[in-house]
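As structure tokens, the structure follows; a few thoughts come after it.
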Amino acid sequence: FQELAKDSLRTDIRHTSKGFQFTSADNKFQLQVAGRLQLRFATPMDQDPETYNDFTSEDQNVFKINRARLKVGGHAYQPWLKYYFEYDLSVNRLLDFRVMVEKWPWLKFKAGQWKIEYTRERSISSGKQQMLERSLINRAFTLDRQQGVSVFGRIDQGGLADFNYHLSVLTGTGLGAKENDDKKLMYVGKVFWNVLGDGVDISGSDLVHYERPHASLAIAAATNTSPYTRFSSSGGGELVGFEDGTNGQYQVKQWVWETALKYKSFSWQSEVHRKYILNHENNIHTELQGFYVQGGYVLNHQAKEQGRPLFELAGRYSYYEPRVNLPQNSQEEYGVAFNCFFNEHLNKLTADVTYFDFDELTLSREISQWRFRVQYDISF
Amino acid sequence: FQELAKDSLRTDIRHTSKGFQFTSADNKFQLQVAGRLQLRFATPMDQDPETYNDFTSEDQNVFKINRARLKVGGHAYQPWLKYYFEYDLSVNRLLDFRVMVEKWPWLKFKAGQWKIEYTRERSISSGKQQMLERSLINRAFTLDRQQGVSVFGRIDQGGLADFNYHLSVLTGTGLGAKENDDKKLMYVGKVFWNVLGDGVDISGSDLVHYERPHASLAIAAATNTSPYTRFSSSGGGELVGFEDGTNGQYQVKQWVWETALKYKSFSWQSEVHRKYILNHENNIHTELQGFYVQGGYVLNHQAKEQGRPLFELAGRYSYYEPRVNLPQNSQEEYGVAFNCFFNEHLNKLTADVTYFDFDELTLSREISQWRFRVQYDISF
Amino acid sequence: FQELAKDSLRTDIRHTSKGFQFTSADNKFQLQVAGRLQLRFATPMDQDPETYNDFTSEDQNVFKINRARLKVGGHAYQPWLKYYFEYDLSVNRLLDFRVMVEKWPWLKFKAGQWKIEYTRERSISSGKQQMLERSLINRAFTLDRQQGVSVFGRIDQGGLADFNYHLSVLTGTGLGAKENDDKKLMYVGKVFWNVLGDGVDISGSDLVHYERPHASLAIAAATNTSPYTRFSSSGGGELVGFEDGTNGQYQVKQWVWETALKYKSFSWQSEVHRKYILNHENNIHTELQGFYVQGGYVLNHQAKEQGRPLFELAGRYSYYEPRVNLPQNSQEEYGVAFNCFFNEHLNKLTADVTYFDFDELTLSREISQWRFRVQYDISF
């Protein structure tokens, strides 16, 4: 028993921002276990409308568990051999499961399934968002989660040419796929230039109150051939106006450029997207574009030292053209959110008001609607 | 390393009735992890019959994993900010996920998904039942799990007017629903009057051998408009004789009154139900009623002190009228159960024998059947 | 607080080959939590072909999460009352959930759902295989996971008649079934004769470098009546050439005999199968047979002491006759695998090359194909 007690002493256990953490005495093994619950009330609907007809469906008052996550991470055998998985308990879906070799800062490897580094708003965890939810244009442009391998790292850290890179090769048939449709894979590349400071961490809001500006510029591009024209956390699917695809039917190329800044309680981010879809069945090209700009300001950053909640006001404008050659048809989202951070992003209340304005002038019609939501998000 | 060891010391770890429990030194964070497995053998069938035809289907001998639960609970940031989730691994279903603010005994808040406080037998965990399973009438009257918010508490604790209350507002479309069908919500209220002692804890059997009687009376009522006429742990559905509903088709009002008592190894509980369903499509009203009475006695309460198993004999009678205006049609369940508690409800073996007697005199037919089951239930 | 610290001391926590392990001071409760991830790349397909037509489908390059497991085991109330469950997060399936009473080595009991002790290659965990995956004949002959009860043990340990036995009675409708189709159950028996040494542990490859040979012979037999002609980890199904069954349609009897050996880095195993299917609908008897032989050798067993990876070369030949009365129709698999064990089976990289050769001479056709795969498997 003396022995047992000594061994027990050597296992380090503590609660961290990633949940309870267990570390073996030799630091060869580490396990972190955390949960997250997101509760949401919405009226008259929750999902962003996609088409004109989504506006006219019946009003709802809905209260629901929107996300219920189990997160397990750590390392095994070596401190640089890391693993992470995340499971959504409410929809029974394995979201992330990846292994990372992070021995050198400039050359890291990742394999498994995860949110491919492509757009900033998708990469930010749903629990660390500034607004209540991602923007209207996320649906059309995200690559979401894919299965594959990636090489990534950071070069010239702290220098003038300080940048992060991610190069990924993926099956390209979305989350949970057990097969590829053909021989063709998805290729994705992204480069961040950390213009000022240490780059901008992948989370919304400036809760640190950075005294020096942190800023980054990023560009990313991707190509894929698959039955799908879009991806979401339920896997591959089709954008409005595209029929269900067959193997290799849709060849998609797309790019995005982004900005991000955090400075003295102010935070900013933007994305500009373009996407080209070639339908191999009828040889029709389709071009889509969109962008959003988003900013927020923490109203009482001094409260943090006193252990009191932080309040933030944030806003976003999104613009989406489903067909670049029909610019009279557009979708706009105007959103304002108010955050109350009890324990930063780990325990917070968010309310948002959104105004949607859809123009379908080719059909001589337009429509608009307000939406109100409240959300509570807690990690433990 | 010295530091690590000290930190490790400060995290308190112990096995409790809720599984292994981890508590941070400042008691701001606590995590409990437990599992439960319920194995069942049944012949000639397991499920209670619902209609005449269920009796005539082929006999079965079935051995199965009936429930396989993962339970995680605890608190985060504050001892009074609690969370709990429960997942059924065998049917891949998130059962509970809720957050509770329990700062004051008389005013507590709960949000998420859980078994709404409506009937005693449904509120009692399937692992803490006195009989092997809930009664015949549970299917018709339970509200089961819903998503929403609740305010609850206990007033005048220990006084003459000692009571517990629960008021809930819910989406009303059952477990796992991601949308409401319309603007209408479900409203539920329940009040317990703790007539004697501290009220009756929400579990079957008197394994404590209370020297003074604990008794409570309760009434509850609920109203909802949805496509459903009943709820179960697989979500909303329809009672026999009701077609699949459309949005807002069924308006349901219902009430129940209950008694419960535990005293010197004897335990008792009863429920009397009535339910009114208005079908908005054809304006037809339907009225259902039912009740059960249940009692049990621990035969050898002295054995507990010696660490030996406790034995209990229990019985239940249930009566259900699917249509109050057709009292010649009724369903009856006579059940006897024998429990062997190795470690109270946490490790027990139960055998039951049930006799079903269904009268459908409007169709000039009646039918009856015996059923035998054995069940092993272990929590760890 | 002094008390807390003392209690905490008493809970023993360590990382083991079964993950982080928590043991209460009195050893009455133990919990082990582990995860496993298996990533696979395959071209031009991953699954073994079943029929001639599977060869001609389109080529794929697929990278995927092949297995993602959560494993929880331990004991509760007594050191000999054990539990274990395993869940696959990528397909949302409860694989194992069983309780074991292991008080006496010669008489143990098991109840729940698990991989019934029938064939060696199926019993070996997918994380402890010598080859990258099980053989071509596994699909036709495995009983896979079933729900039921078992009695097992080891007799005359270390003596001449040293053997292990397993006798199981099961519902016989496969993993996850909630009902039996009829009154008939599945019966399975298996006996191992530990010819030399302590028998052969249920894992591939000799990573121990046994100085004395360990060898065993085994025979097993099973009978079942159900709607199914085969079982897999997705439950019951039908072999090629059998229509979907009705309740009690297929009566199956089958047997296998096996050999296994581990000695000085060399390992060997083989299985010979026969299976008889009687279709009660048309009274047609079908007889199937097959076998495989498999061997491997660890090339650098000395490396283990120096903490360097072990390398192993292994090969397998499988032969399957879907109809014994049509011996001109046969399926063959020739496989070679190379293993790199970073931390034995817990962290390893495997590559394999397989050549399939299918003869359907009754239709005057034959076809063959190569396949290449790489797999990374990590437990933590």
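In this text the structure is predicted, and so the values were computed from the model without any measurement. Chain identifiers are assigned alphabetically (A, B, ...) following the order of the sequence lines, protein sequences preceding nucleic acid strands; residue numbering begins at 1 within each chain.
Within the 4.5 angstrom heavy-atom criterion, atoms from both the backbone and the side chain of C/Leu31 approach chain B. Both the backbone and the side chain of B/Ile65 come within less than 4.5 Å of a heavy atom of chain C. Only the side chain of B/Tyr376 comes within contact range of chain C, with heavy atoms under 4.5 Å apart. C/Gln30 touches chain B through its backbone: at least one of N, CA, C or O sits under 4.5 Å from a heavy atom, while the side chain does not. Of the atoms belonging to B/Asn343, it is side-chain heavy atoms, and not backbone ones, that fall under 4.5 Å from chain C.
Counting heavy atoms from C-beta outward, C/Phe97 and B/Leu89 have side chains that approach closer than 4.5 Å. In this structure the side chain of C/Phe85 never reaches within 4.5 angstrom of the side chain of B/Leu37, judged on heavy atoms. Using a 4.5 Å heavy-atom cutoff, the side chains of B/Asn347 and C/Leu81 are in contact. Here the side chains of C/Lys183 and B/Gln60 are not in contact, with every heavy-atom distance at 4.5 Å or above.
A perpendicular orientation is assigned to the rings of B/Phe22 and C/Phe22, their planes being inclined by more than 60° (bins at 30° and 60°). Relative ring orientation between C/Tyr87 and B/Tyr87 is described as perpendicular, the plane-to-plane angle rising above 60° on a 0-90° scale split at 30° and 60°.
From C/Gln113, atom CD reaches atom CG of B/Leu39 across 10.0 Å, with rounding to the nearest 0.5 Å. Between C/Phe29 atom CZ and B/Phe20 atom CZ the span is 8.0 Å, to the nearest 0.5 Å.
When all heavy atoms of C/Ala76 and B/Phe380 are compared, the closest pair comes out as CB-CB, 3.7 Å. For C/Thr11 against B/Ile13, the heavy-atom pair with the smallest separation is OG1-O, 2.7 Å. Residues B/Ser379 and C/Tyr77 approach most closely at O-OH, 2.7 Å, considering heavy atoms.
Under a 3.5 Å cut-off, the side chain of C/Ser24 and the backbone N or O of B/His15 do not form any donor-acceptor pair.
Considering B/Asp46, B/Val62, B/Val91 as possible partners of C/Lys178, the one that fulfils the side-chain contact (heavy atoms from CB on, under 4.5 Å) test is B/Val91.
Interface check for chain B: of the options C/Val169, C/Leu94, C/Val72, C/Val99, the most heavy-atom pairs under 4.5 Å are formed by C/Leu94.
In this structure, B/Lys128 places its NZ atom where only 12 or fewer heavy-atom neighbours from other residues, nucleotides or ligands lie under 6.0 Å away.
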